[in-house]
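A short write-up of the structure that comes next.
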2 protein chains.
Amino acid sequence: MAERAGVSQSTVSRALAGSTAITVATRDRVLAAAKELDYMVDTRAARLRKGSTGTLAVVVICRPGEMASDINPFYFSLLGSVCAAASKQDIETIVSFQSKEEEFFGRYEDRGQADGLIVIGTTSNHAAWEHFRALSDDHATAFWGSPYEDLDWIRSDNYEGGILATRRLIDAGCRDIVHIGATGSPQLQFHERYEGFLAAMDEAGLEPHFVEIDGALDRDAQGRKAVSDLLDRKQPFDGIFAVCDSIALGALNELRNRNVDVPSQCSLIGFDGIMAGNHTRPPLSTIEPDFDVAGAMLVQTVLEKQDEANIKRRVPVRLLDRGSARSL
Amino acid sequence: MAERAGVSQSTVSRALAGSTAITVATRDRVLAAAKELDYMVDTRAARLRKGSTGTLAVVVICRPGEMASDINPFYFSLLGSVCAAASKQDIETIVSFQSKEEEFFGRYEDRGQADGLIVIGTTSNHAAWEHFRALSDDHATAFWGSPYEDLDWIRSDNYEGGILATRRLIDAGCRDIVHIGATGSPQLQFHERYEGFLAAMDEAGLEPHFVEIDGALDRDAQGRKAVSDLLDRKQPFDGIFAVCDSIALGALNELRNRNVDVPSQCSLIGFDGIMAGNHTRPPLSTIEPDFDVAGAMLVQTVLEKQDEANIKRRVPVRLLDRGSARSL
DNA sequence: CTGAAAGCGCTTACAG
DNA sequence: CTGAAAGCGCTTACAG
């Protein structure tokens, strides 16, 4: 390659790296030769010499025993956004799905495989979060979904989302509004949504109602059971704010099974903006985080470890009014 | 590291690599030292020396202009399976989502970043497939979704799936069965499903009916429009086999809008097994490929380029009877 | 502005 | 069974 362009190896390297200390003429000559020989820089060698890898590792935490193919679609969308955000900065992403204790691994930096680690996924896999928490001290990390306050985290603006959803229900004329969620759970995200709900109810002078989800069940079953419990209580309700879409989908189904029409008899709003909500009847109204921003924030957080104080951690959310909340 | 264990660098390398030409005693000593120093082999250097990377590149092709976060969930599941299958063989995966012509890139091998390339994603992005087709000559590749017969491909057993779905409809007592799909399209996968449909109808001595999808619309709208067209034709029908789930979901919605009850008045079966079908009313019956096998086959295909003849290319499918086809 | 040389951290013939 | 040495393909001080 060097001899084809009639220059030294160093010059080739500099020309290809776009160094300014190079004549335009020689650069062009090198570029032409590279094209002709279909030459590409070997990143292994470049990285070895440079020290950095130009790569981020992304770990997706699954529920124990869950296959990669049936992960909550929310995390798939998030994964896509992270990869896209990295790609925009010419950073590669190496991704892995991890669920079992034996396979937890995040030390990509130690092996020279990545410059940082992004961990996203279900809050429920505690063993996993504990494992990755330990890495956050001496590794560049960013987390989404961690149950621990102390980790570097990025989250939806859950509080604001809770308010948006609840206000929308109130605006729809609902007065007996129930929150299906986990009011005292370690799921920080859930807790924040709950607090937003409380604030909006308080603001409107309405009394908040709750159904606690049953941790033993899967999300869909949690939603069904919550509605079932609610109806059995014979307590009137005309609006539901479900803490996440998968639960909302279960709730919606149970409402229909029990002949409660949505939205005419009960308005329903979820949280997450998963695509499945587009295909229900009625389509599920929901709070959706800005995925592009989410991906960008995660990437930025890992890369700019220095000024920790300035890291923006709240991903803005918006109401997706798809039809499960009554219109006035 | 070497001096800590009191041996040479070569010995450390051999011990860590599990070479048999090493005393158990020295190996243990090295391992102990490694643990103590929290030492990990730098893969950049190892790869540079060894030549191979232990990594596969996975490119997910999106529709032009589509964001990574709203890709057909089928491909997300497939992506998960590929990563899981690679992981099982201790292979890393670097993944990227590509949609626009300017960003097409698959020469990871040339840059020493991967040993092979797996491309999956929407058939509809022709520019993308043409780009990657060109790479298949001198790169280790495997494709899912390519419109080209000549590429190394892995696909669902679409023909068998078409038969399974159609037979199920026939068993449900349907006689006027309509296939919503693309009978003469370049979408090989769709064409194969269509042929399965034809075969099963022929086997039962029934006359097949069709509605062609409108290429200009998105999947959901295609399904709606197909049902709408069908009803306008006033041609009686009691069963629908939709060529993919996203189309089936649109069809299901339109059927409900037009007050055709599923499954009592019309049975409906889709193809792909996407999770959104779990949340519709009724849940969507579908043909699901074995995702684990799909991931494993793709990985194996890239790695074992040598005996091309023996590559298994058909991923088995099964009927997921979720409720949109009448039970007898 | 360009070249000759050193060195990134490994693995692997080559000796012994 | 183990060590000394070469070399993987780059980048980057160091000279000029």
Side-chain angles (χ1 to χ4, degrees), chain A residues 1-55 57 90-92 94 107-115 139, chain B residues 1-55 57 90-92 94 107-115 139:
Chain A
M1 168 65 198
E3 68 185 61
R4 172 55 153 268
V7 293
S8 77
Q9 205 192 122
S10 337
T11 306
V12 170
S13 176
R14 282 190 275 250
L16 260 28
S19 160
T20 53
I22 288 270
T23 327
V24 179
T26 49
R27 171 165 40 253
D28 288 350
R29 197 141 40 87
V30 172
L31 258 41
K35 189 156 206 174
E36 207 172 325
L37 297 175
D38 213 16
Y39 168 85
M40 293 201 136
V41 172
D42 185 314
T43 56
R44 286 169 299 199
R47 289 172 178 181
L48 178 57
R49 179 57 233 237
K50 289 207 283 195
S52 88
T53 66
T55 303
D90 275 317
I91 294 170
E92 305 289 344
I94 98 176
R107 301 180 54 191
Y108 297 93
E109 231 177 303
D110 299 335
R111 294 202 303 203
Q113 287 194 113
D115 301 328
H139 292 74
Chain B
M1 167 66 197
E3 69 186 61
R4 172 58 153 264
V7 293
S8 76
Q9 202 193 126
S10 336
T11 307
V12 170
S13 175
R14 283 190 276 249
L16 261 28
S19 159
T20 52
I22 289 272
T23 327
V24 180
T26 49
R27 174 172 29 257
D28 288 349
R29 199 142 38 88
V30 172
L31 258 41
K35 189 158 207 170
E36 207 172 323
L37 297 175
D38 210 18
Y39 168 85
M40 295 199 136
V41 172
D42 185 314
T43 55
R44 286 169 298 198
R47 289 170 177 183
L48 178 57
R49 179 58 233 231
K50 288 208 284 196
S52 89
T53 67
T55 302
D90 275 316
I91 294 170
E92 306 290 345
I94 99 178
R107 299 181 53 191
Y108 297 92
E109 232 178 303
D110 299 334
R111 295 204 302 204
Q113 287 194 112
D115 301 328
H139 293 74

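Being a predicted model, the structure only gives us computed values, none of them experimental.
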Distance in angstrom units between [X] [atom1] and [N] [atom2], rounded:
{"X": "B:M40", "N": "C:dC10", "atom1": "CE", "atom2": "C1'", "value": "16 Å"}
{"X": "A:L16", "N": "D:dG9", "atom1": "CG", "atom2": "P", "value": "16 Å"}
{"X": "A:R27", "N": "C:dT2", "atom1": "CZ", "atom2": "P", "value": "10 Å"}
{"X": "B:Q9", "N": "C:dC8", "atom1": "CD", "atom2": "C1'", "value": "12 Å"}
{"X": "B:R44", "N": "D:dG7", "atom1": "CZ", "atom2": "C1'", "value": "18 Å"}
{"X": "B:L48", "N": "D:dC8", "atom1": "CG", "atom2": "P", "value": "9 Å"}
{"X": "B:R29", "N": "D:dT2", "atom1": "CZ", "atom2": "C1'", "value": "11 Å"}

Quick one: does any side-chain atom of [X] pair with a main-chain N or O of [Y] as donor and acceptor, under 3.5 Å?
{"X": "B:T53", "Y": "B:D115", "answer": "yes"}
{"X": "A:R44", "Y": "B:G51", "answer": "yes"}
{"X": "B:S8", "Y": "B:T11", "answer": "yes"}

Phosphate contact ([N] OP1 or OP2) by [X] side-chain N/O below 4.0 Å:
{"X": "B:T23", "N": "D:dT2", "result": "yes"}
{"X": "A:T26", "N": "C:dT2", "result": "yes"}
{"X": "B:T11", "N": "D:dG3", "result": "yes"}
{"X": "A:Y39", "N": "D:dC10", "result": "yes"}

Q: If D:dT2 has a Watson-Crick or G-U wobble mate with both distances under 3.5 Å, name it; if not, just say none.
A: C:dA15
Q. Is there a side-chain contact between B:E92 and A:T55, using heavy atoms and a 4.5 Å cut-off?
A. no
(Q) Between B:Q113 and A:R47, is there a side-chain heavy-atom distance shorter than 4.5 Å? (A) yes
Q.
By the 4.0 Å heavy-atom rule, please label B:I22 as base, sugar-phosphate, or nothing.
A. sugar-phosphate
Q) Of B:A45 and A:R14, whose nearest nucleotide on DNA chain D comes first from the 5' end? A) B:A45
Q. Hey, which of these two, B:R49 or A:K50, hits DNA chain C nearer its 5' end, going by closest nucleotide?
A. A:K50
